[in-house]
Number of protein chains: 2
Amino acid sequence: MVKPSLLQVLKELALLGGIENKIEISSMELARQIQTSQQTASRQLLELDAQGCIIREMGIKKQRIQITERGVDQLKQEYAAYQQIFALPDTIHFTGSVVSGMGEGRYYTEQRGYADQFKEKLGFVPYPGTFNVEIEQVEKNKLKILRSYKGIMIEQFTAKHRTFGGVQCFHAAIEHQPVVLVLPLRSHYSKILEFISPEHLRKSLDVDDGDAVAIVIQL
Amino acid sequence: MVKPSLLQVLKELALLGGIENKIEISSMELARQIQTSQQTASRQLLELDAQGCIIREMGIKKQRIQITERGVDQLKQEYAAYQQIFALPDTIHFTGSVVSGMGEGRYYTEQRGYADQFKEKLGFVPYPGTFNVEIEQVEKNKLKILRSYKGIMIEQFTAKHRTFGGVQCFHAAIEHQPVVLVLPLRSHYSKILEFISPEHLRKSLDVDDGDAVAIVIQL
DNA sequence: ATTACTAGGAGGCGAGTAA
DNA sequence: TTTACTCGCCTCCTAGTAA
């Protein structure tokens, strides 16, 4: 990973057209652009060169610099991060590890009140039980964003003298396999994400407790 | 201006949803995200706070962080730079200072062969002479990009036993006043940009030699 | 648990200068 | 003119630890 200050230099070179063309720029000129000394500019060019982010043709008067594919990749990665921030994304990504629930998932998914709505609004009756993934503490912040979206609403209902709460659902993918995220409207602030699917996910994903999985939520 | 490493931290907070929400994150968790020590994470949060880029609610257990408007502005600025790089822009920006030509501009603009084509392809006959702006050495790199676009082509012609070369034209603006950039196909690599306009630009812009002007070229 | 201070050390910076 | 080395300085980092 290239360090932030070098990325700034690379960005400056890209703004001057260094992705498409070889650009002519002396270390002194570059120093002015990035508000530093000629020595630092020179050293940073050497570092970028050493890391394979740029190639240089050293002329007798001026050097000609072009950004390499690797350099462009670094910039694209940064651009992608900013797109996630500002280009209101249609997906939210999590990573987490598979955990076992305590069997309550099965109790809930088998309630007719839920199962009938799943069939109607999602198009399938879930395999009994939920597939549980524990996320990092920091990623709980993203859950707040998720809750601000409507998703697919499963209404609350009453059965056996108790009330079963409403549920927010989102189409999602775990390791590219389509699933549905189930977010109870109550019991906020859990670190466990619960998923349902027509299939037995533990088997079809071939995972076990502790395995890391990549999750993409569709908004 | 906030330093690059702090911007990285701000970006990370934004990715966790810190623009919309107050996010809960300990300095230790942040340290893991940005691959540094708890102490550095803590210090960087203090710096971002001091610079007014974030506000913090210090709880007894965890702090709650939200990015301020100023913080968002910093990120947007960075995003804009990357858009310039990757989202193939429809404008190119220059800054330069007004200079006097040596009167040759007048000789050329008054040639019928040029004037007729200007009238036909640009819709006006230029005020005699060209308005000249000298750009920085580094910005000459952007000229290469410009030359790769077609622009509006003024064809070469022969008169008085000599050939007058073809010219590439671009709609542009100097300090928001519409003008046309004239780029001779020969005589590359000049630091002087020549502009024409139906008006007397020196007068209507109220500028003199040495004055700095901002230029936007329309591609 | 937290956050954040202090102290000491690593590394980045620019002045001077060689090639 | 260039680029880029050495060297001294100073910032920034992390470990230890207080609150």
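Letters A, B, ... are given to chains in the order of the sequence lines, protein chains preceding strands, and every chain is numbered from 1. This one's a predicted model, so the numbers in the text were calculated from it and none came from an experiment.
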Student: Expressed in angstrom and rounded to an integer, what is the separation of A:Leu46 atom CG from C:dG11 atom C1'?
Tutor: 16 Å
Student: How long is the line joining CG of B:Leu30 and P of D:dC13, in whole Å?
Tutor: 13 Å
Student: D:dT3, D:dC13, C:dT3: which one has an atom nearest the side-chain heavy atoms of B:Ser42?
Tutor: C:dT3
Student: Between P on D:dA4 and NZ on A:Lys62, what's the gap in Å once rounded to a whole number?
Tutor: 15 Å
Student: What integer distance in Å separates B:Lys3:NZ from C:dG12:P?
Tutor: 14 Å
Student: Have a look at B:Gln63 and say if it touches a base, only the backbone sugar-phosphate, or nothing, with a 4.0 Å heavy-atom cut-off.
Tutor: sugar-phosphate
Student: Under 4.0 Å between a side-chain nitrogen and a carboxylate oxygen: does that hold for B:Asp49 and B:Arg43?
Tutor: no
Student: Check every strand shown and say whether B:Thr36 touches a base, only sugar-phosphate, or nothing at a heavy-atom separation below 4.0 Å.
Tutor: sugar-phosphate
Student: Salt bridge check, A:Glu139 against A:Lys142: does any charged N sit closer than 4.0 Å to a carboxylate O?
Tutor: yes
Student: Are any of the side-chain nitrogens in B:Glu136 or B:Lys191 under 4.0 Å away from the carboxylate oxygens of its partner?
Tutor: no
Student: Hydrogens and angles aside, do A:Ser97 and A:Glu134 bring a side-chain donor and acceptor to less than 3.5 Å of each other?
Tutor: no
Student: Quick test of your reading of the model: are A:Lys144 and B:Glu20 salt-bridged, counting only N-O distances below 4.0 Å?
Tutor: no
Student: Counting heavy atoms from C-beta on, name the nucleotide in D:dA4, D:dC13, C:dT3 closest to the side chain of B:Gln44.
Tutor: D:dC13
Student: Can you tell me how far P of D:dT1 sits from CD of B:Gln137, to the nearest Å?
Tutor: 14 Å
Student: Measuring to OP1 and OP2 of D:dA4, would you say a side-chain N or O of A:Arg56 lies under 4.0 angstrom away?
Tutor: yes
Student: A:Leu45 near the nucleic acid: base, sugar-phosphate alone, or nothing, with a heavy-atom cut-off under 4.0 Å?
Tutor: nothing
Student: If you take atom types as modelled and just measure distance, does the side chain of B:Gln39 reach the base of D:dG16 with a donor-acceptor pair under 3.5 Å?
Tutor: yes
Student: Rounded to the Å, how far apart are A:Ile25 CD1 and D:dT3 C1'?
Tutor: 14 Å
Student: Take atom CZ of B:Arg43 and atom P of D:dC12, then tell me their distance rounded to the nearest Å.
Tutor: 8 Å
Student: For B:Met28 and D:dA15, give me the distance from atom CE to atom C1', rounded to whole Å.
Tutor: 13 Å
Student: Using a 4.0 Å heavy-atom cut-off, does A:Ser26 contact any base of the nucleic acid, only the sugar-phosphate backbone, or nothing at all?
Tutor: sugar-phosphate
Student: Between B:Ser27 and C:dT3, does any side-chain N or O lie under 4.0 Å from OP1 or OP2?
Tutor: yes
